[in-house]
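Note that the coordinates shown come from a computational prediction; the quantities given were computed from them, not determined experimentally. We name chains A, B, ... by the order of the sequence lines, and we start the count at 1 in each one. Heavy atoms only: backbone and side chains are in, while hydrogens, waters and symmetry mates are out.
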Protein chains: 2
Amino acid sequence: MLSQSVQDYLKTIYKLQENTSAVSTTQIAKELDISGASVTGMLKRLAAMKLVDYNSYKGVRLTEDGTKVALEILRHHRLLELYLKESLGFSLAKVHDEACRLEHYVSDEFVERIDDLLGRPEYSPLGNPIPTKEGRIPESSYLPVTDAELNKQYIIKRIADDNHEMVAYFEEVGLIPGVDIMVLSKAPFNGPLTIKYSGKEYIVGNEVGRNIYVDAI
Amino acid sequence: MLSQSVQDYLKTIYKLQENTSAVSTTQIAKELDISGASVTGMLKRLAAMKLVDYNSYKGVRLTEDGTKVALEILRHHRLLELYLKESLGFSLAKVHDEACRLEHYVSDEFVERIDDLLGRPEYSPLGNPIPTKEGRIPESSYLPVTDAELNKQYIIKRIADDNHEMVAYFEEVGLIPGVDIMVLSKAPFNGPLTIKYSGKEYIVGNEVGRNIYVDAI
DNA sequence: TTCTTACTTTAGGTAAGATTAAAAATTAGT
DNA sequence: ACTAATTTTTAATCTTACCTAAAGTAAGAA
């Protein structure tokens with residue numbers, strides 16, 4: 001079995017890979033909040049295990065094997081998030097941390113059972129796609145609400161899970177996946193947005209808006 | 001947070017303490033399947049952390065703090081066992097291993113929620129008492145069925161969880177907590193027992209009988 | 001009382017995963 | 001193209017948790 005640490009590196013590289021072609025040592029170090037030197041050491045080990053392709057100074061990419069592991073962990077994580085919310089009544093703000101710990105230790109049987117119980121869901125409560133057992137993951141391209149057209153009806157599809165306090169805020173004000181939303185106005189120079197959702201008008205900062213992803217209805 | 005390893009030592013010492021006054025290095029080593037030298041090293045660290053009272057060559061006992069930690073883990077473990085069985089449909093044979101891994105990583109909130117969901121149960125599916133949040137544990141003294149009187153009605157209260165295959169066997173033949181049982185005969189020299197339960201007669205070895213604990217009805 | 005045996009501890013080592021400090025490589029700015 | 005700044009890697013350590021081999025302790029048998 002791969003260590004929790006190895007699993008976390010692979011998950012992190014997978015996520016960072018979505019934006020950049022090759023992932024740098026520093027990016028990983030920042031994301032995991034450890035020193036760059038530690039990352040270099042681990043990347044060598046991961047390369048020796050054939051989980052990543054690593055070129056000194058050039059960055060790193062997951063191999064096919066590495067991707068498979070990353071997707072498995074992501075599957076665990078996102079199913080756990082949904083399970084914690086739906087079956088155990090956890091708040092949206094807390095599911096991420098709990099899932100981050102448990103994802104490494106639940107057995108495949110555990111995951112299969114909650115998957116069944118939840119009816120083989122496709123999305124986590126934060127709107128992230130859940131990879132299938134076979135490693136397929138629905139490609140979905142959503143729009144940050146900051147880029148939405150004015151006065152057009154959208155639906156919230158995903159909220160970013162990086163920042164816990166922001167997730168808690170989203171939950172509190174009801175800006176969560178599945179909710180209809182319309183942008184009434186955007187202040188210039190990346191200013192705040194006036195949005196309408198659940199029958200009320202609301203003003204949110206640009207930073208916040210960039211963490212809400214929507215899709216046209 | 002205490003490491004998984006530290007938690008496992010404390011849990012093991014707690015269990016062994018139930019039979020002996022002071023727990024020896026070798027007992028712990030056997031139980032955890034590691035070398036005696038490793039145990040000595042860890043006991044020193046546990047003593048430095050004030051989790052155990054340790055006297056070289058004399059054995060070890062949990063301090064009050066150590067006991068508190070052990071009971072917390074036991075609570076996690078046994079609640080998880082019941083939860084895995086009742087809510088996720090795990091077989092009795094599998095709950096122990098899964099709980100052994102997860103017990104170290106579930107949050108207090110997780111434990112409280114499953115405790116609520118299960119209606120604050122007092123016993124695990126194998127019949128072990130579940131410590132309360134405050135560390136109270138119902139004292140219960142059951143009888144191995146090998147010591148039961150002949151032709152008297154008993155109820156199975158607990159089955160030993162050390163041996164997975166035996167647990168699987170118990171589950172298969174229906175010898176599980178809550179089932180009524182009567183001993184019809186005992187062969188001499190620790191020979192097999194003829195028992196009657198669930199309307200059928202059955203013969204089990206003495207070894208097996210010593211792992212079934214019963215109480216008079 | 002000493003010998004034998006079983007148990008326990010000490011000493012020295014390994015591996016994973018982290019650290020800091022210093023050296024080396026890359027990238028950017030003029 | 002050359003220097004400066006930034007990244008990245010190397011080198012040397014640390015901690016946890018394990019190991020084996022050797023030495024020390026305790027306790028019963030001779």
Checklist entry - Looking at A/Tyr105, does the NZ or CZ of B/Arg101 lie under 6.0 angstrom from its six-membered ring centre and within 45 degrees of the ring axis? => result no
Checklist entry - Roughly how many Å is it from CG in A/Leu10 to C1' in C/dG17, rounded to a whole number? => result 15 Å
Checklist entry - Tell me, for nucleotides 19-26 of chain D in 5' to 3' order, what letter each nucleotide earns: B for a base near a protein heavy atom under 4.0 Å, S for only sugar-phosphate near one, - for neither? => result BBB--BS-
Checklist entry - With respect to the phosphate group of D/dT9, does any side-chain polar atom (N or O) of A/Lys44 fall under 4.0 Å of OP1 or OP2? => result no
Checklist entry - A/Ile28 CD1 to C/dG17 C1': how many Å, rounded? => result 15 Å
Checklist entry - Quick one: is D/dA17 close enough that its OP1 or OP2 comes under 4.0 Å of any side-chain N or O from B/Ser3? => result yes
Next on the checklist: Side chain of A/Met42 only, heavy atoms from C-beta on: which candidate in D/dT16, C/dA18, C/dT9 is closest?
Outcome noted: C/dA18
Checklist entry - Between the main-chain N or O of B/Ile34 and the side-chain N or O of B/Ser38, is there a donor-acceptor pair closer than 3.5 Å? => result no
Item to check | Candidate list B/Ile156, B/Ile176, B/Thr146, test side chain to side chain contact (heavy atoms under 4.5 Å, CB included), partner B/Ile212, passing option | outcome: B/Ile156
Checklist entry - For B/Thr40, which contact category applies under a 4.0 Å heavy-atom criterion: base, sugar-phosphate, or nothing? => result base
Checklist entry - Counting N and O atoms only, with roles assigned by atom type, does the side chain of B/Asp33 sit under 3.5 Å from a partner on the main chain of B/Ala29, one being a donor and the other an acceptor? => result no
Checklist entry - Quick one: B/Gln4 CD to D/dC18 P, roughly how many Å, whole number? => result 9 Å
Checklist entry - For A/Arg75, which of A/Glu112, A/Glu103, A/Glu122 qualifies under salt bridge (Lys or Arg N to Asp or Glu O under 4.0 Å)? => result A/Glu112
Next on the checklist: The criterion is side-chain contact (heavy atoms from CB on, under 4.5 Å); which residues satisfy it with B/Pro138, sequence neighbours excluded?
Outcome noted: B/Tyr123, B/Pro129
Checklist entry - Taking only residues two or more places apart in sequence, or in another chain, which ones meet B/Glu109 in a side-chain contact (heavy atoms from CB on, under 4.5 Å)? => result A/Phe90, A/Lys94, B/Ser107, B/Arg113
Checklist entry - Given atom OH of B/Tyr9 and atom P of D/dT16, what is their separation to the nearest angstrom? => result 13 Å
Next on the checklist: If I take atom CG in residue A/Leu32 and atom C1' in nucleotide C/dG17, what distance separates them, rounded to the nearest angstrom?
Outcome noted: 12 Å
Checklist entry - Taking atom P of C/dG17 as reference, at what distance in whole Å does atom CD of A/Gln7 sit? => result 11 Å
Checklist entry - Is the phosphate of D/dT16, meaning OP1 or OP2, less than 4.0 Å from a side-chain N or O of B/Ser5? => result no
Item to check | Nearest-Å distance for atom pair CG/P, residues B/Leu2 and D/dA17 | outcome: 10 Å
Next on the checklist: Just the rounded figure in Å: distance from P of C/dT10 to CG of B/Leu43.
Outcome noted: 11 Å
Checklist outcome for this item: The nucleotide from C/dT9, D/dA17, C/dA16 with an atom nearest the side chain of B/Arg45 is D/dA17
